[in-house]
Protein chains: 2
Amino acid sequence: MHIESTVCEDPKDVYSAACPCRNMLDLLANKWSALALGALEEGPQRFGALRARLQGVSPKMLTQTLRRLEDHGLVHRDVYPEVPLRVEYSLTPLGRDANVPLAHLRTWVERNIARFPDQG
Amino acid sequence: MHIESTVCEDPKDVYSAACPCRNMLDLLANKWSALALGALEEGPQRFGALRARLQGVSPKMLTQTLRRLEDHGLVHRDVYPEVPLRVEYSLTPLGRDANVPLAHLRTWVERNIARFPDQG
DNA sequence: CTGCATCCGCAACGATACTG
DNA sequence: CAGTATCGTTGCGGATGCAG
């Protein structure tokens, strides 16, 4: 159900389907975005480095994720027309800020993994 | 790529494809899970109430999300064999804890929505 | 009436091969 | 090296139907 056209009454309620917040939550609250932003927290990285860090990601999904983050102002993309070609991704100030709650989530998972019934 | 069979070397690295943490991150870091857990933070809720709160969710996705959360010990499901039937969902202690970082994420989005280039 | 299982069309995902 | 093209598969999302 896409109600993008409808205007959001309260622009600060993620539970509203029409609220822009919903799109932003969707952007941040997914596996590859959360991991990509986390990886970039350690400094600017090249495409290949990110691909190695986010084990199991396909080039297509990585490109798609990075482009989406770039379009929304969370990630900056620098192209160096060298040989071989070099492309570096880095966090924008907004991306750095968004990383704070995401880092909480990542570390919470790592620290509480043992509490889940289907994991030792 | 499903490398579930492979054993995870470091059981605390979300960046490892084979790490259980990856599955947990995937479970929590998605739109409907984040919203459902947030809604349940306000107290036990019935299926219909949750459906009304998570605007735009289909009954199927809501069921699927709640079941998945229940299977992983984040949500508790109580069935009252009344007429009409009543089913109440509530958070487990683990679910309440998981909600902390998710709440950070939700509130961060609501508070920083104006900073995104494609939103006011 | 509430909750949920089934079926199906379609979009998103994922792996591989290939191009600038 | 950094992606794009292509294709098979998976999963979402809506409609329908059924049980309690």
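Computed over heavy atoms, backbone and side chain alike; hydrogens, waters and symmetry mates excluded. This structure is a prediction, so every number in the text was calculated from the model and none was measured. Chain naming here is simple, since letters A, B, ... match the order of the sequence lines and numbering starts at 1 in each.
Judged as a salt bridge (charged side-chain N to carboxylate O under 4.0 Å, His left out), and not counting sequence neighbours, B:D71 has no contacts. A search for side chain to side chain contact (heavy atoms under 4.5 Å, CB included) contacts involving A:V83 returns nothing, not counting sequence neighbours.
In this structure a side-chain-to-backbone donor-acceptor pair under 3.5 Å is present from A:E110 to B:V14. A:R106 places a side-chain N or O within 3.5 Å of a backbone atom of A:A34 that can act as its donor or acceptor partner. With hydrogens and angles ignored, the 3.5 Å screen pairs a side-chain donor or acceptor of B:Q45 with a backbone N or O of B:A39.
A:Y80 and A:L50 fall into different hydrophobic clusters, where Ile, Leu, Val, Met, Phe, Trp and Tyr residues are linked whenever their side-chain heavy atoms come under 4.5 Å apart, directly or through other members.
Sequence neighbours left out, not one pair with a member in residues 58-68 of chain A passes salt bridge (charged side-chain N to carboxylate O under 4.0 Å, His left out).
Residues B:N99 and B:L74 are not in side-chain contact: their nearest non-hydrogen atoms beyond the backbone lie 4.5 Å or more apart. With contacts defined as side-chain heavy-atom distances shorter than 4.5 Å, the pair B:T65/B:S33 qualifies. Side-chain contact check for A:R22 versus B:L35: some heavy-atom pair is nearer than 4.5 Å. A:L94 places a side-chain heavy atom less than 4.5 Å from the side chain of B:F116.
Contacts with DNA chain C (heavy atom under 4.0 Å) in residues 40-50 of chain B: B:R46, B:F47, B:G48, listed by number.
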Atom pairs, protein N/O to nucleotides 16-20 of chain D N/O, distance under 3.5 Å:
none

Just the table, please: protein N/O against nucleotides 8-10 of chain C N/O, every pair under 3.5 Å.
none

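Rounded to whole Å, atom P of C:dC1 lies 17 Å from atom CD of B:E82. Look at CG on B:L54: it is 15 Å from P on D:dC12, rounded to the nearest Å. With rounding to whole Å, A:D26 atom CG is found 11 Å from C:dA12 atom P. Look at CG on A:L62: it is 13 Å from P on C:dA15, rounded to the nearest Å. Put simply, CE on A:M61 is 10 Å from P on C:dA12, counting in whole angstrom units. Atoms CH2 (A:W32) and C1' (C:dA12) sit 14 Å apart, rounded to a whole Å. Atom P of nucleotide C:dA12 and atom NZ of B:K31 are separated by 11 Å, given to the nearest angstrom.
Using a 4.0 Å cut-off, no side-chain N or O of B:R51 falls inside it from OP1 or OP2 of C:dC1. Taking 4.0 angstrom as the limit, A:R77 places a side-chain polar atom (N or O) nearer than this to OP1 or OP2 of D:dG3.
Among the atoms of the strands shown, only primed sugar atoms or phosphate atoms (P, OP1, OP2) are found under 4.0 Å from some heavy atom of A:Y89.
Of the listed nucleotides (C:dC13, C:dA15, D:dC12), D:dC12 has the atom at the smallest distance from the side chain of B:Q64. Picking from C:dC13, D:dG3, C:dA5 the nucleotide with the shortest atom distance to the side chain of B:T63 gives C:dA5.
Note that CG of A:N23 is 9.0 Å distant from CG of A:L27, once rounded to the nearest 0.5 Å.
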